[in-house]
Amino acid sequence: MPTPAAPPPAPVVDPVAPVLAWYDEHARELPWRAPDRTPWGVLVSEVMLQQTPVARVEPAWRAWLERWPTPADLAAAPTSDVLRAWDRLGYPRRALRLQECARVLVERHGGHVPDDEAALLTLPGIGAYTAAAVRAFAFGRRAVVLDTNVRRVLARAVDGVALPAPAQTVAEVARAAALVPADDATAARWAQASMELGALVCTARAPRCPQCPLASSCRWLAAGRPDDAHAHRRRAQPWAGTDRQVRGRVMALLRGAPEPVPAAALSDAWPDTAQRDRCVRSLVADGLVAELDTPDGPAYALPA
DNA sequence: GAGACGTGGCC
DNA sequence: TGGCCAAGTCT
């Protein structure tokens, strides 16, 4: 009897079919998934969803697409309007880049969102994740969509660990790519379904394993859901008193100001002069704030 | 590749 | 109560 020269690899149940079936039953109805969505709408949703929860994005997305339904509309808008519409979604540089992106689409892509990954990757604010997501969700094409949700699902189900490594590796992308179904439609659906599973069931905290379609094959669950081996690996996110918070305060003040704000009045945003000045300078350098010369001295406003 | 970059809700 | 987390990107 011939015997294998090497032990067979550990059996791993293919997660794709169970997750697709689960998604058929449990997918949320989100506006950027509606049949009448446009590639531009999908792109806007993906940028807004970068580090911002669905619940806060949904109303902002609806208002945004109502106001600027095409890239040309956003490209032509005053940046101050764009930043005010972004409101408190956070990371306002995303709004700036989204408008830059719209202008590139108008100037170089006929006002349309391209469907190939290389072209998408050249757009401002579009990185590896978003390029893949737009390709899959807007155009139904095959792409390796590897976001924090998918990374967590695969870390648990396949690797048997609580959380993925802090940094994404080439090997991890290759492993994820190997799981992506070959045909466009199924690949796009797998991307959506695996993300949804991570968002609704295989969550970072308090995962709902009894409701998981992978419960019978998940290595992490089988191992008794061991704790994260890299516990405390993440730096605590800075909060009180940081430049990040001060920048947010300044932006909030300027969003609410109908007229340019004199330099002295910026103290309402933050009392510490040195830190405030440093932050205002960085905001000007980032293009998020305009410095104007007035007869009474410098004043600040959202960029026109 | 580590660090910067907003905001708010949840357990 | 407050640390952790949310569909990342850029430098």
Side-chain angles (χ1 to χ4, degrees), chain A residues 27-28 30-33 41-61 83 86-98 100-101 120-138 143-153 162-170 176 188 191-200 202-208 227-228 230-255 269-270 278-279 282-283 285-289:
Chain A
R28 290 169 292 182
L30 299 170
W32 45 87
R33 293 177 180 169
V42 171
L43 189 156
V44 171
S45 78
E46 290 303 336
V47 172
M48 287 184 169
L49 287 163
Q50 291 168 0
Q51 303 287 282
T52 301
V54 167
R56 272 199 285 153
V57 165
E58 195 165 339
W61 183 90
L83 290 170
W86 195 259
D87 195 37
R88 289 173 299 180
L89 287 179
Y91 294 144
R93 293 195 288 202
R94 290 182 294 163
L96 224 48
R97 293 192 183 119
L98 187 54
E100 293 166 10
C101 176
L120 285 164
L121 278 171
T122 69
L123 299 171
I126 308 297
Y129 161 75
T130 305
V134 168
R135 192 173 145 75
F137 305 153
V144 181
V145 179
L146 194 57
D147 77 327
T148 188
N149 289 301
V150 179
R151 293 189 70 218
R152 189 172 54 247
V153 168
L163 293 174
Q168 188 174 294
T169 64
V170 173
Q192 194 78 85
S194 54
M195 285 178 60
E196 192 80 335
L197 186 67
L200 298 183
C202 193
T203 53
R205 286 171 299 187
R208 300 162 175 82
D227 287 338
D228 180 18
H230 305 83
H232 307 101
R233 64 216 161 91
R234 289 198 170 107
R235 295 183 95 76
Q237 291 190 75
W239 189 64
T242 61
D243 285 4
R244 195 188 302 208
Q245 183 188 26
V246 176
R247 285 167 54 106
R249 292 279 195 88
V250 171
M251 289 301 291
L253 187 155
L254 295 182
R255 280 198 307 270
W270 196 255
R278 178 175 73 243
C279 289
S282 74
L283 287 168
D286 288 346
L288 286 165
V289 168

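Convention: sequence-line order gives letters A, B, ...; per-chain numbering from 1.
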Task: Any side-chain donor near an acceptor of the partner, A:Gln50 and A:Tyr129, under 3.5 Å - done: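 Checked: A:Gln50/A:Tyr129 side chains show no N/O donor-acceptor pair below 3.5 Å.
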
Open item on the list: Quick one about A:Arg97 and A:Tyr91 (side-chain donor to acceptor, distance below 3.5 Å, no hydrogens or angles considered), yes or no?
Closed with: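 The answer is no; no qualifying pair exists.
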
Heavy atoms only, 4.0 Å cut-off, all strands: where does [X] land among base, sugar-phosphate and nothing?
X: A:Leu89; result: base
X: A:Leu30; result: base
X: A:Trp32; result: base
X: A:Ala133; result: nothing
X: A:Arg152; result: sugar-phosphate
X: A:Gly90; result: base
X: A:Arg255; result: sugar-phosphate
X: A:Ser45; result: nothing
X: A:Ala55; result: nothing

With a 4.0 Å cutoff (strictly under), does any side-chain N or O of [X] reach OP1 or OP2 of [N]?
X: A:Gln51; N: C:dG8; answer: yes
X: A:Arg33; N: C:dA7; answer: no
X: A:Arg94; N: C:dA7; answer: no
X: A:Arg247; N: B:dG6; answer: yes

Return the value, rounded to whole Å, for the distance between atom [atom1] of [X] and atom [atom2] of [N].
X: A:Asp243; N: B:dG6; atom1: CG; atom2: C1'; result: 13 Å
X: A:Asp147; N: C:dA7; atom1: CG; atom2: P; result: 6 Å
X: A:Asp286; N: B:dG3; atom1: CG; atom2: P; result: 19 Å
X: A:Leu123; N: C:dG8; atom1: CG; atom2: P; result: 18 Å
X: A:Leu98; N: C:dC10; atom1: CG; atom2: C1'; result: 16 Å
X: A:Tyr91; N: B:dG6; atom1: OH; atom2: C1'; result: 6 Å
X: A:Arg93; N: B:dT7; atom1: CZ; atom2: C1'; result: 15 Å
X: A:Met48; N: B:dC5; atom1: CE; atom2: P; result: 22 Å

Open item on the list: Tell me if the side-chain of A:Arg88 makes a donor-acceptor pair with the base of B:dG6, cut-off 3.5 Å, by modelled atom types.
Closed with: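 No pair found.
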
Open item on the list: Determine whether a donor-acceptor pair (one donor, one acceptor, N or O, separation below 3.5 Å) exists between the side chain of A:Thr52 and the base of B:dG8.
Closed with: no

Open item on the list: Taking the nucleotide of DNA chain C with the nearest heavy atom to each, does A:Val54 or A:Arg97 sit closer to the 5' end?
Closed with: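 It is A:Val54 whose nearest nucleotide is closer to the 5' end.
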
Task: 5' precedence on DNA chain C between A:Phe137 and A:Ile126 (nearest-nucleotide basis) - done: A:Phe137

Open item on the list: If the condition is side chain to side chain contact (heavy atoms under 4.5 Å, CB included), which residues does A:Ala27 pass it with, not counting sequence neighbours?
Closed with: A:Tyr23, A:Arg33

Pairwise [atom1] distance, [M] and [N] [rounded to whole Å]:
N: C:dT9; M: B:dG8; atom1: P; value: 23 Å
N: C:dC4; M: B:dG3; atom1: P; value: 16 Å
N: B:dA2; M: C:dA7; atom1: C1'; value: 23 Å

Counting only N and O atoms by type, is there a donor-acceptor contact under 3.5 Å from the side chain of [X] to the main-chain atoms of [Y]?
X: A:Arg28; Y: A:Glu196; value: no
X: A:Arg249; Y: A:Ala269; value: yes
X: A:Arg135; Y: A:Val144; value: no

Task: Nucleotide of C:dA7, C:dG8, B:dG6 approaching A:Gln50 most closely (side-chain heavy atoms) - done: C:dG8

TODO: Applying side-chain hydrogen bond (donor to acceptor under 3.5 Å, both in side chains), run through A:Arg94 and A:Thr52 and close with a yes or a no.
DONE: CA-CA 11 Å; A:Arg94 290 182 294 163; A:Thr52 301; 2.9 Å; yes

Task: Heavy-atom side-chain contact between A:Gln245 and A:Trp270 under 4.5 Å - done: yes

Task: Heavy-atom check, side chain of A:Glu46 versus side chain of A:Ile126, under 4.5 Å - done: no

For nucleotides 9-11 of chain B, give me every protein contact, N/O to N/O, under 3.5 Å, one pair per line with atom names.
none

